[in-house]
Amino acid sequence: MVSEYKKSALSTFDKHEMKPLAEPMPIRLRFRKTGDLQYISHLDLQRVMSRVLVRSGIPVWYTQGFNPHAKMVFSMPLAVGTQSLCEYLDIKIDKKISTDEILARINSEVTDEMRFSAAYVPKSKLSEIALVSYEIELCAKDADPEKIEKLLTTHPLVMKKRSKAGDREVDILDYFKSVEVKREENIKLCITLTAGEGSLNPEMIIAALRENLGILTSDEESYTVMRTGVYFADGRAFE
C-alpha cells in the first residue's frame, strides 16, 4: 500500500520537474541498520539501497560509461550481526531538491530498522572517521564485571587477527581508545575503538571473553553489539 506521503511526493515530482544542476552535488545520508537488518551483508545492503534510491524518486547522479550506476560510498562496513545507529552514505544528485525533501522521500521507502535521520551537504570525507564506539550487552549469568574489566584493561590481550596478508597475533587492546563496564541488569561494555586501517571487529572482543573467561559459550547466553557513534581523531562527533 502506497503511503499518503508517497502519493503526494510523487505527484509533486511529476508536476514540477526538478531543475538540473550545473555540477553533481554531494549529499550525505545518515541512517541506522538495526533489528533483522543486522543479518544482511554489506553487499546486500548496497543492493537494497540502490532500489530504495530508485523508488524514492531522488535525482541521483549516475556514473557515465558502458555500465552506468548510482555513485554510492558507504562508511565502514558493519560485520554481520552488528547493529548500528550511525551509518553514513554519500551520494550525488544532479537536479535541485532540498535535503528535507530527500530525507522525507527516502524514509517513505524504508522501515524503522533502516530509518534515515539526516541528509546534508558534507564538509568532511568519510575517510576522516578515526574512532568508532560500540555498546556490547552481555546476557551471561556467570559474567563477572570485575574480571571483564580487568581482562579488557590489562595488556597484552593477544588474539589472532585475520587480514589479507594472513592471520597474525595482535594485542587487541592496542585498538582500544576507551572502555567502560556498566553494571546494570545485564553487563554493558561501552568501548571506543580506532577506525580505518587499524580497525578491530568487535566480534574479536566476544571471542576474547569466551576464550579467557569461559562466558557466552552456551545457547542460554547471548549478546548484542550496537555501533553508537563515529568520531574524528580529536574526539569530535563525525558529521
Side-chain angles (χ1 to χ4, degrees), residues 2-35 37-38 40-65 67-78 82-133 195-196 227-234 236-239:
V2 179
S3 68
E4 290 301 319
Y5 171 77
K6 185 175 179 182
K7 290 178 181 178
S8 174
L10 293 181
S11 175
T12 301
F13 179 74
D14 292 337
K15 292 180 180 179
H16 305 287
E17 185 176 353
M18 300 178 189
K19 295 181 180 179
L21 296 170
E23 295 289 339
M25 176 184 294
I27 295 293
R28 178 162 296 160
L29 303 168
R30 184 175 68 232
F31 65 99
R32 63 192 184 194
K33 185 172 180 274
T34 60
L37 291 183
Q38 68 184 288
I40 71 170
S41 69
H42 185 64
L43 182 59
D44 287 333
L45 176 64
Q46 290 176 308
R47 293 168 177 159
V48 169
M49 199 65 72
S50 293
R51 297 188 183 109
V52 167
L53 291 172
V54 170
R55 291 200 307 265
S56 67
I58 295 171
V60 178
W61 177 78
Y62 280 74
T63 60
Q64 306 300 306
N67 183 30
H69 58 276
K71 181 69 173 178
M72 299 188 299
V73 181
F74 289 84
S75 55
M76 303 167 297
L78 279 174
T82 298
Q83 303 181 76
S84 176
L85 300 175
C86 50
E87 295 303 284
Y88 291 87
L89 167 64
D90 283 359
I91 62 173
K92 290 184 178 180
I93 58 173
D94 57 11
K95 294 181 181 178
K96 189 174 182 180
I97 182 174
S98 71
T99 52
D100 286 344
E101 180 73 3
I102 289 174
L103 194 60
R105 279 176 172 265
I106 201 166
N107 273 329
S108 72
E109 298 294 342
V110 298
T111 65
D112 285 341
E113 293 177 337
M114 190 191 284
R115 186 64 51 190
F116 286 74
S117 57
Y120 56 94
V121 177
K123 296 181 180 179
S124 57
K125 297 179 181 179
L126 292 175
S127 60
E128 293 181 62
I129 295 175
L131 301 170
V132 56
S133 62
R227 181 181 286 173
T228 55
V230 291
Y231 308 90
F232 293 106
D234 61 4
R236 289 180 297 120
F238 182 77
E239 57 183 4

Is it true that Glu109 and Arg55 have a side-chain N and a carboxylate O under 4.0 angstrom from each other?
-> yes
So, Arg227 and Glu87, do they make that salt bridge, N to O below 4.0 Å?
-> yes
Do side-chain atoms of [X] reach the backbone of [Y] as a donor and acceptor pair under 3.5 angstrom?
X	Y	result
Glu23	Leu21	no
Thr34	Gln83	no
Lys33	Ile40	yes
Asn107	Phe116	yes
Thr63	Lys71	no
Glu101	Ser98	no
Ser50	Gln46	yes

Any side-chain heavy-atom pair of [X] and [Y] under 4.5 Å:
X	Y	value
Val230	Tyr88	yes
Ile129	Met76	yes
Lys92	Tyr62	no
Arg115	Val110	yes

Stepwise, does the side-chain contact (heavy atoms from CB on, under 4.5 Å) test hold for Asp112 with Arg32?
-> CA-CA 9 Å; Asp112 285 341; Arg32 63 192 184 194; 3.8 Å; yes
Measure centre to centre between the rings of Tyr231 and Phe238, then say whether the value is under 6.0 Å.
-> no
Tell me whether the centres of the aromatic rings in Phe74 and His42 are closer together than 6.0 Å.
-> yes
Given side-chain contact (heavy atoms from CB on, under 4.5 Å), test Tyr120 with Ile27 step by step and report yes or no.
-> CA-CA 6 Å; Tyr120 56 94; Ile27 295 293; over 6 Å; no
Nearest heavy atoms of Pro122 and Pro26, plus distance in Å | CD-O, 3.6 Å
Has Glu113 got more than 12 heavy atoms of other residues, nucleotides or ligands less than 6.0 Å from its CD?
-> yes
Does a sphere of radius 6.0 Å around CE in Met25 hold more than 12 heavy atoms from other residues, nucleotides or ligands, not counting ones at 6.0 Å or beyond?
-> no
